[in-house]
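First comes the structure, then the notes that go with it.
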Amino acid sequence: GQNIDQPTEMTATEGAIVQINCTYQTSGFNGLFWYQQHAGEAPTFLSYNVLDGLEEKGRFSSFLSRSKGYSYLLLKELQMKDSASYLCAVGSWGKLQFGAGTQVVVTP
Amino acid sequence: SAVISQKPSRDICQRGTSLTIQCQVDSQVTMMFWYRQQPGQSLTLIATANQGSEATYESGFVIDKFPISRPNLTFSTLTVSNMSPEDSSIYLCSVGQRSSYEQYFGPGTRLTVT
């Protein structure tokens, strides 16, 4: 199985940094993916990690440690528009299994 | 990234009827998938749409309930058959290439079954 756990909700202030953790148990996968989903919209691809380590993409960074079954998404310089659900997923060749998502609320 | 469109964007259907959802991509893609997102839930993979052959279904999903077609590398359909209120959900098409890990979702079809 691939149980994927992430916090239900996090609140942070505009301009701050928030780190969303994701833990998983899996027998094998190609990549660990992060998506952003605004209410009523489709998920938007943010990043993926294939190898252990940190991947940086502008204000967003994602980290993976396969040995620890752990990933995180780091959102820097938070903006109000970053208020959304963030989905952690593991998968191989497009077949993704998603966590329940973390609702991030950015306050002024 | 590919541009993905789905039709219809939303529909309200009666119990016992069927609805076919279309997914069109603006470029040829290796892989196409259908996901479901039930109210307040995360996404669940229904099946992989294989071009020119039968779809590959995930555990809990069967062809009789969710027949899928994929006649070419840019188009696929998902039919939700003999609908019940439990089928009320958002159905999303997803595409990717074997040469890349990036995967994208269509805008979704919001289905309500009464």
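For the numbers below, each heavy atom of this structure counts, side chains included, while hydrogens, waters and symmetry mates do not. In what follows, chains carry the letters A, B, and so on, assigned in the order in which the sequence lines appear, proteins first and then strands, with residues in each chain numbered from 1.
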- Message: For residues Leu73(A) and Tyr24(A): do they belong to one hydrophobic cluster (side chain heavy atoms under 4.5 Å, members Ile, Leu, Val, Met, Phe, Trp, Tyr)?
- Response: yes
- Note on the structure: If one checks every heavy atom of Gln41(B) against chain A at 4.5 Å, the contacting part turns out to be neither
- Query: Out of curiosity, does Ile90(B) fall in the hydrophobic cluster containing Leu96(A) (side-chain heavy atoms, cut-off under 4.5 Å, transitive links)?
  - Reply: yes
- Flag if over 12 foreign heavy atoms under 6.0 Å of CD1, Ile12(B): no
- Task: Check whether Met83(B) and Tyr35(B) end up in the same hydrophobic cluster, where Ile, Leu, Val, Met, Phe, Trp and Tyr are linked by side-chain heavy atoms less than 4.5 Å apart.
- Result: no
- Message: I need the single residue from Thr44(B), Leu45(B), Leu43(B) that forms a side-chain contact (heavy atoms from CB on, under 4.5 Å) with Phe98(A). Which is it?
- Response: Leu43(B)
- Under 4.5 Å from any heavy atom of chain A - which part of Thr48(B): side chain
- Message: Just checking Lys57(A): does its NZ atom have more than 12 heavy atoms from other residues, nucleotides or ligands closer to it than 6.0 angstrom?
- Response: yes
- Query: Any link between Leu78(A) and Leu74(A) through a network of hydrophobic side chains (Ile, Leu, Val, Met, Phe, Trp, Tyr) touching at under 4.5 Å?
  - Reply: no
- Query: Are any side-chain N or O atoms of Ser42(B) and backbone N or O atoms of Gly99(A), one a donor and one an acceptor, separated by less than 3.5 Å?
  - Reply: yes
- Here the gap from Met31(B) atom CE to Lys95(A) atom NZ, rounded to the nearest 0.5 Å, amounts to 11.0 Å
- In this structure, are over 12 heavy atoms from other groups packed under 6.0 Å from Glu77(A) atom CD? no
- Message: If the contact rule is any heavy atom under 4.5 Å from chain B, which residues of residues 41-55 of chain A qualify, in numerical order?
- Response: Ala42(A), Pro43(A), Phe45(A), Tyr48(A), Val50(A)
- Message: Assigning hydrophobic clusters by single linkage (Ile, Leu, Val, Met, Phe, Trp, Tyr; side-chain heavy-atom cutoff under 4.5 Å), is Phe75(B) placed with Val95(B)?
- Response: no
